[in-house]
A.B. asks: 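Take a look at the following structure, please.
Residue numbers run from 1 in the order of the sequence given.
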Amino acid sequence: MSAANLRARVRAEMTEEIKSVARRHLATDGANLSLRAVARDLGMASSAVYRYFASRDDLLTALIIDAYDAVGEAAEQAAAGADNPLERWLAAGHAAREWAVANPHEWALIYGSPVPGYAAPTDTVVPATRVLLLLGRTIAEAYESGVIVERPPLTGRFAEELEPIAAAYHPGVPPRVIADTIAAFFQICGAISFELFGQLKNSVEEDRRGFFDYQLRAAATLAGLRP
């Protein structure tokens with residue numbers, strides 16, 4: 001291995017170690033990360049950590065991108081083996097929830113309250129849309145196959161705003177279908193967040209997966225998928 005390759009490998013490993021420690025801090029401190037605290041846990045001088053991440057916001061961005069990519073990958077892998085749009089929708093939704101249950105603090109980072117003083121850069125946009133675009137492709141394919149429930153067209157300013165989105169991602173799919181898919185995605189995210197943030201306590205305790213499946217199917221109906 002050349003010296004340059006060795007340095008790159010060491011840097012990549014150190015970067016991953018810093019992010020791993022930072023994820024542990026998410027569990028105790030939320031998104032209120034401190035590079036000094038991360039450096040202390042690593043037994044490093046804070047100046048050394050700054051060679052990998054120039055600021056707290058840079059570290060937060062890396063964690064956010066990783067989280068979005070991880071939940072997106074989980075949903076995509078689960079959906080890949082499904083036989084029809086509804087099964088693909090259900091597989092993707094359950095995979096997203098299972099990832100969230102296993103990684104609640106990372107879910108809170110990307111779908112919880114905004115971090116004060118942090119403005120997400122454009123680097124986060126593509127990872128952030130992976131699950132939504134997966135569900136959007138599922139609904140678009142269902143529409144093209146004629147298995148979406150017919151509904152009145154969407155009109156007004158909102159419809160005009162959605163037209164370029166429909167044209168860019170799913171040409172030929174009406175804005176109403178795009179709107180229903182986005183609304184269904186928000187419903188899914190809300191259902192997961194309600195569970196993770198303790199809102200189901202003393203109501204649904206035993207079969208939360210079953211309750212989520214019920215909500216996921218309701219979201220599929222909202223998006224226009226036939227049962």
A.B. asks: Does one hydrophobic cluster hold both Val177 and Tyr169, with members joined at side-chain heavy-atom distances below 4.5 Å?
C.D. replies: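 As far as the 4.5 Å side-chain criterion goes, Tyr169 and Val177 are connected within one cluster.
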
A.B. asks: Who pairs with Arg208 by salt bridge (charged side-chain N to carboxylate O under 4.0 Å, His left out), at least two apart in sequence or on another chain?
C.D. replies: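 Scan of Arg208 (salt bridge (charged side-chain N to carboxylate O under 4.0 Å, His left out), adjacent residues dropped) gives Glu205.
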
A.B. asks: Would you mind listing every side-chain hydrogen bond (donor to acceptor under 3.5 Å, both in side chains) that reaches into residues 142-154, with sequence neighbours excluded?
C.D. replies: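 Matches after skipping sequence neighbours: Arg151-Asp180.
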
A.B. asks: To check you understand the geometry: which heavy-atom pair defines the closest contact between Ile110 and Ala67, and what is its length?
C.D. replies: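 That would be CG2-CB, 3.8 Å.
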
A.B. asks: By side chain to side chain donor-acceptor pair (under 3.5 Å), which residues pair with Arg226, not counting sequence neighbours?
C.D. replies: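 For Arg226 there are no side chain to side chain donor-acceptor pair (under 3.5 Å) partners, ignoring immediate neighbours.
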
A.B. asks: Just grab all the side-chain hydrogen bond (donor to acceptor under 3.5 Å, both in side chains) pairs involving residues 36-54, residues at least two apart or on different chains.
C.D. replies: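 Only His25-Asp41 qualify under side-chain hydrogen bond (donor to acceptor under 3.5 Å, both in side chains).
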
A.B. asks: Quick one: do Arg56 and Val115 satisfy side chain to side chain contact (heavy atoms under 4.5 Å, CB included)? Show the steps, please.
C.D. replies: CA-CA 11 Å; Arg56 178 211 68 160; Val115 179; 3.8 Å; yes

A.B. asks: How does the hydrophobic cluster around Leu134 look, that is, which other residues are in it when side-chain heavy atoms under 4.5 Å mark a link?
C.D. replies: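 Other cluster members: none.
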
A.B. asks: Membership question, hydrophobic clusters at under 4.5 Å side-chain separation (ILVMFWY): are Leu222 and Leu90 in the same one?
C.D. replies: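 No, separate clusters.
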
A.B. asks: Any pair with a residue in residues 99-115 that passes salt bridge (Lys or Arg N to Asp or Glu O under 4.0 Å), sequence neighbours left out, goes on the list, sorted by first then second residue, please.
C.D. replies: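 Non-adjacent pairs meeting salt bridge (Lys or Arg N to Asp or Glu O under 4.0 Å): Arg23-Glu106.
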
A.B. asks: Heavy-atom distance under 4.5 Å between the side chains of Ile188 and Val131, does that happen here?
C.D. replies: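 Not touching, per the 4.5 Å side-chain cut-off.
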
A.B. asks: Using the test side chain to side chain donor-acceptor pair (under 3.5 Å), find all partners of Glu206 that sit at least two apart in sequence or belong to another chain.
C.D. replies: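 Checked Glu206 against side chain to side chain donor-acceptor pair (under 3.5 Å); zero matches.
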
A.B. asks: Can you name the residues that form a side chain to side chain donor-acceptor pair (under 3.5 Å) with Gln187, not counting sequence neighbours?
C.D. replies: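 Once residues adjacent in sequence are excluded, Gln187 has no partner under the side chain to side chain donor-acceptor pair (under 3.5 Å) criterion.
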
A.B. asks: What distance separates Leu109 CG from Ile64 CD1, expressed to the nearest 0.5 Å?
C.D. replies: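 Result: 4.5 Å between the selected atoms.
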
A.B. asks: Give me each pair satisfying ring-ring contact (aromatic ring centres under 6.0 Å, His included) with a member in residues 185-227, each pair once, sequence neighbours excluded.
C.D. replies: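 Passing the test, one end in residues 185-227: His94-Phe212.
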
A.B. asks: Are the side chains of Trp89 and Ile139 in contact, using a 4.5 Å heavy-atom criterion?
C.D. replies: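 Yes, their side chains come closer than 4.5 Å.
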
A.B. asks: Kindly determine whether Arg209 and Arg97 satisfy side chain to side chain contact (heavy atoms under 4.5 Å, CB included), including the steps that lead there.
C.D. replies: CA-CA 9 Å; Arg209 186 185 188 281; Arg97 174 189 171 272; 4.0 Å; yes

A.B. asks: Does the distance from a Lys or Arg side-chain N to an Asp or Glu carboxylate O, for Glu141 and Arg137, drop under 4.0 Å?
C.D. replies: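 Salt bridge: no.
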
A.B. asks: Are the side chains of Thr15 and Arg11 in touch, meaning some heavy atoms are under 4.5 Å apart?
C.D. replies: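 In contact.
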
A.B. asks: At what distance, to the nearest 0.5 angstrom, does CG of Leu60 lie from CG of Leu35?
C.D. replies: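 Nearest 0.5 Å value for the CG-CG distance: 9.0 Å.
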
A.B. asks: How about His105 and Arg24: do any of their side-chain heavy atoms sit closer than 4.5 Å?
C.D. replies: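 Not in contact.
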
A.B. asks: Considering only distance and modelled atom types, tabulate donor-acceptor pairs under 3.5 Å from the side chains of residues 154-163, sequence neighbours left out.
C.D. replies:
residue	atom	partner	partner atom	Å
Arg157	NH1	Glu160	OE1	3.3

A.B. asks: Looking at every non-hydrogen atom in both residues, tell me the closest pair between Ala142 and Leu225 and how far apart they are.
C.D. replies: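 Residues Ala142 and Leu225, closest heavy atoms: CB-CD2, 3.6 Å.
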
A.B. asks: Please tell me whether Val38 and Met14 are part of a single hydrophobic cluster in this structure, the criterion being side-chain heavy atoms less than 4.5 Å apart.
C.D. replies: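 As far as the 4.5 Å side-chain criterion goes, Met14 and Val38 are connected within one cluster.
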
A.B. asks: Do Leu63 and Leu33 make a side-chain contact, defined as non-hydrogen atoms from C-beta onward lying under 4.5 Å apart?
C.D. replies: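 Counting from C-beta outward, Leu63 and Leu33 do come under 4.5 Å.
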
A.B. asks: Among pairs that include at least one residue of residues 107-124, which meet side-chain hydrogen bond (donor to acceptor under 3.5 Å, both in side chains), considering only residues two or more places apart or in two chains?
C.D. replies: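 The answer is Thr61-Tyr118, Trp107-Ser193.
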
A.B. asks: Verify the cluster assignment for Leu133 and Ile65: are they in a single hydrophobic cluster under the rule of side-chain heavy atoms below 4.5 Å apart?
C.D. replies: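 Cluster IDs for Leu133 and Ile65 differ.
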
A.B. asks: For Gln215 and Ala191, work out which heavy atoms get closest and say how close.
C.D. replies: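 Here Gln215 and Ala191 meet closest at OE1-CB, 3.3 Å.
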
A.B. asks: Minimum heavy-atom separation for Ala75 and Ala95, please, with both atom names.
C.D. replies: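 Heavy atoms of Ala75 and Ala95 come nearest at CA-CB, 3.9 Å.
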
A.B. asks: Tell me, with the steps shown, if Glu195 and Val204 meet side chain to side chain contact (heavy atoms under 4.5 Å, CB included).
C.D. replies: CA-CA 9 Å; Glu195 178 179 353; Val204 180; over 6 Å; no

A.B. asks: Restricting to non-hydrogen atoms, name the atom on Ala220 and the atom on Leu86 that form the minimum distance, rounded to 0.1 Å.
C.D. replies: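 Result for this residue pair: CB-CD1, 3.9 Å.
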
A.B. asks: Could you note down all residue pairs passing side-chain hydrogen bond (donor to acceptor under 3.5 Å, both in side chains) where residues 76-87 supplies at least one of them, sequence neighbours left out?
C.D. replies: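 Passing the test, one end in residues 76-87: Glu73-Gln77, Glu76-Arg130.
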
A.B. asks: Which atom pair, heavy atoms only, marks the closest approach of Ala70 to Trp99?
C.D. replies: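 Closest approach of Ala70 to Trp99: CB-NE1, 3.4 Å.
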
